[in-house]
Amino acid sequence: MSLRNSVNRPPTPDAVEDQEKEPTLQEIINIKMIESGEKEKLMELLRERLVECGWKDEMKALCRAYIKKKGTNNVTVDDLVHVITPKGRASIPDSIKTELLLRIRAFLASAAL
Amino acid sequence: MMSRNSMYTNPKPCKHLADYKLRHGLSGYNLLQEQIRTTPSGKSSVKNHQTEIPRCCFCNGYQKRLYLCLICSSISCSSHTLLHSQCENGHDIAVDIERSELYCVLCCDQVYDPDFDKIVMLKHLMDLPRSGNGVDVSAGRRSSKRRRLCSALELDLKKTKQLVSMRDLRAKSCYPLGLRGLNNLGSTCFMNSVLQALLHAPPFRNYFLTGQRNHEVCRKRSSDRLCLLCDIYVFFSAVFSGDRTPYSPAQLLYSWWQHSANLASYEQQDAHEFFISMLDGIHENGVKARSPIKDTGECHCVAHRVFSGQLRSDVTCMSCGYTSTTYDPFMDISLNLDTGNCPSTDLANKSLKPSDNTYVSTLLGCLDLFTKPEKLGSDQKFFCENCQERQDSVKQMSIKRLPLVLCLHIKRFEHFPVRRMSRKIDRYMQFPFCLDMNPYLSSSVVRNRFGNRMFAFEGDELDTSTEFEIFAVVTHSGTLDSGHYVTYLHLKDQWYKCDDAWITAVEEEVVRASQCYMLFYAQKMLYYKANEDLVCQPVSPRADPFLPIAGCC
């Protein structure tokens, strides 16, 4: 009986799983940015810039075109997200990327990471 | 929840949302309410602890859209919501954490529930400093909308029909009544152009033609003084008499000069300035002549009844979200041309919008610009009541109440007092013949601040019509110093060019291609009613309906 129990025992966790629990650098930075409130500020800044340069309007237009093509009742939010995300990411102006990168770098420097 | 304009009727809930509501009612929403935080800019999110990063309970990911289950509060990312629903029966409805929006896992789509949005908005309002938050939950106050409608109907008429049939039938023309050339009395095209527009503003026209202006008993006239309103009445009668020979509005010009002495000269004036001063003159004359009727703060002179609306201005503190709202009346709206210019520097790299050369300005673009939130410069810091100090702030304009006739003025003349120079902006602007003002109303603009919410905002007017039809366009050609104004009138589906004494029928394309300076739109029902009343009679082929007098202009 006890033998069967040991056979039925769940497998020990892999070493791989352990590694996944170690936070990556990216995660550490993210956590620090959220804790300090910097992430929220950067998100607001990003939103503002994307509206200013017309990116948001462009995305809206793309969404509308897509919905028109497929028909209002045949589109879900998930569809839109899947379709628009790659286009959105690709069309972010370099100036905005640069600005945000500089801000993040400055933050890293100040947080002594 | 009020139902209103079709743009905002509530979408039907999906089966799963309906099931959820049946079983759980509002309990899930209410529990969530505590955790909702709204930023000063209007974005609502679900925040359990300020700094804890929400993660998907399946993959620990935090970078995709995250959804909070309304029943068990477990968080899944967009890839794993379905998995959660499969594990737990009936856990189909979730909330997008970042946006506070409902999501149906089985439909894979956003869903809407006014009860949910109400709860989100109430939390937001409770959190905001005091009640000066720009959003008032009070059930629609008893608006003067009814009174305005009645007033519009008063001006609208049965009488005009009778009058029209009794009119002088000398004319024998197939042109509508009320089309008559106006002689130029010396650079007075600025006046002629605006007068043509006023002649055909439906409620304005009706007021003067139906004798609501009782010219016989005008006290001023009897004491031999000038009365602007009487002169306008005489002018209307002359134009609508059926006589097609060009008319010289000399008396009216003289009368107006008395009122606006500073503009009295033979120099070319600005048509818009003339328009404003004319309305001002009517107001002053009207106010003196009649006793104030039930003081509601609204003026009942014909100028106000026809042209006045109300603007709303919101200034929001960027630190705490406190919003200060003010209301101001307007007789017309002056719009800056939208040029498609973005403040962002790097457009040459990624051209999101076509460059200046190909971007076409449109009226809707100008209206968008007018109602766009504008960051106030650091030299204009607003004193926030809540923070008790000067803060960076955002200002946004919107239209609280639309007039019966909407006059839109395009700012083409730029004056630089410091440099002592002025210039004219010739840029072409496209404008529609039918205009729906809904997106520019305060109810729409304020609603948009808070994302996709099904929520009744203060000032949502149930029976307001927002659809307008164009009836007159005042155009300007030439330079600032030596230019010429021409008006195009839209009567009974035909466009007429009114160039001082010369009136000709023209094609729609001509009007569309013109350089508009002032646009006159009337509320749709008033416009169509007015057009019904215009009588046309068959023309005698030989006679030239409009005889210009040589030597003018």
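Just so it is clear, the values below take in all heavy atoms, side chains as well, and ignore hydrogens, waters and symmetry mates. Per chain, numbering begins at 1; letters A, B, ... match sequence-line order.
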(request) Count the heavy atoms of every other residue, nucleotide or ligand shown that sit under 6.0 Å from NZ of A/Lys56, and state whether that count exceeds 12. (result)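 Not buried by this count: 12 neighbours or fewer within 6.0 Å.
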(message) If you count heavy atoms of other groups shown closer than 6.0 angstrom to NZ of A/Lys70, is the number above 12?
(response)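 12 or below, so no.
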(request) Determine whether A/Glu40 and B/Thr39 make a side-chain contact, defined as any pair of heavy atoms from C-beta on separated by less than 4.5 Å. (result)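 When only atoms from C-beta onward are counted, B/Thr39 and A/Glu40 do touch, with a gap below 4.5 Å.
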(request) Begin with the C-alpha distance, continue with both residues' side-chain angles, and end with the deciding distance and a verdict on side-chain contact (heavy atoms from CB on, under 4.5 Å) for A/Met43 and B/Glu98. (result) CA-CA 12 Å; A/Met43 293 291 268; B/Glu98 204 189 319; 4.1 Å; yes
(message) Heavy-atom pairs under 4.5 Å with chain B: which of A/Thr98, A/Val51, A/Asn30 has the most?
(response)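 When all of A/Thr98, A/Val51, A/Asn30 are compared, A/Asn30 has the most.
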(message) Quick check on the interface: out of A/Arg47, A/Glu99, A/Glu44, who has the most heavy-atom pairs with chain B under 4.5 Å?
(response)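 Highest number of pairs under 4.5 Å: A/Arg47.
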(request) Taking only Lys NZ, Arg NE, NH1 and NH2, and the carboxylate oxygens of Asp or Glu, determine whether B/Arg55 and A/Glu27 approach each other closer than 4.0 Å. (result)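 Between A/Glu27 and B/Arg55 there is a salt bridge, with a charged N closer than 4.0 Å to a carboxylate O.
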(message) Using a strict threshold of under 4.0 Å (side-chain N to carboxylate O), is an ion pair present between B/Lys375 and A/Glu52?
(response)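 Looking at B/Lys375 together with A/Glu52, the answer is no, because their closest N to O distance does not fall below 4.0 Å.
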(message) Quick check on the structure: residues of residues 71-83 of chain A within a heavy-atom distance below 4.5 Å of chain B, by number.
(response)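 Residues of residues 71-83 of chain A touching chain B at under 4.5 Å: A/Val75, A/Thr76, A/Val77, A/Asp78, A/Val81.
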(request) Select, from B/Arg65, B/Lys43, B/Gln63, the one with the greatest count of heavy-atom pairs under 4.5 Å involving chain A. (result)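 Sorted descending by pairs with chain A, the first entry is B/Lys43.
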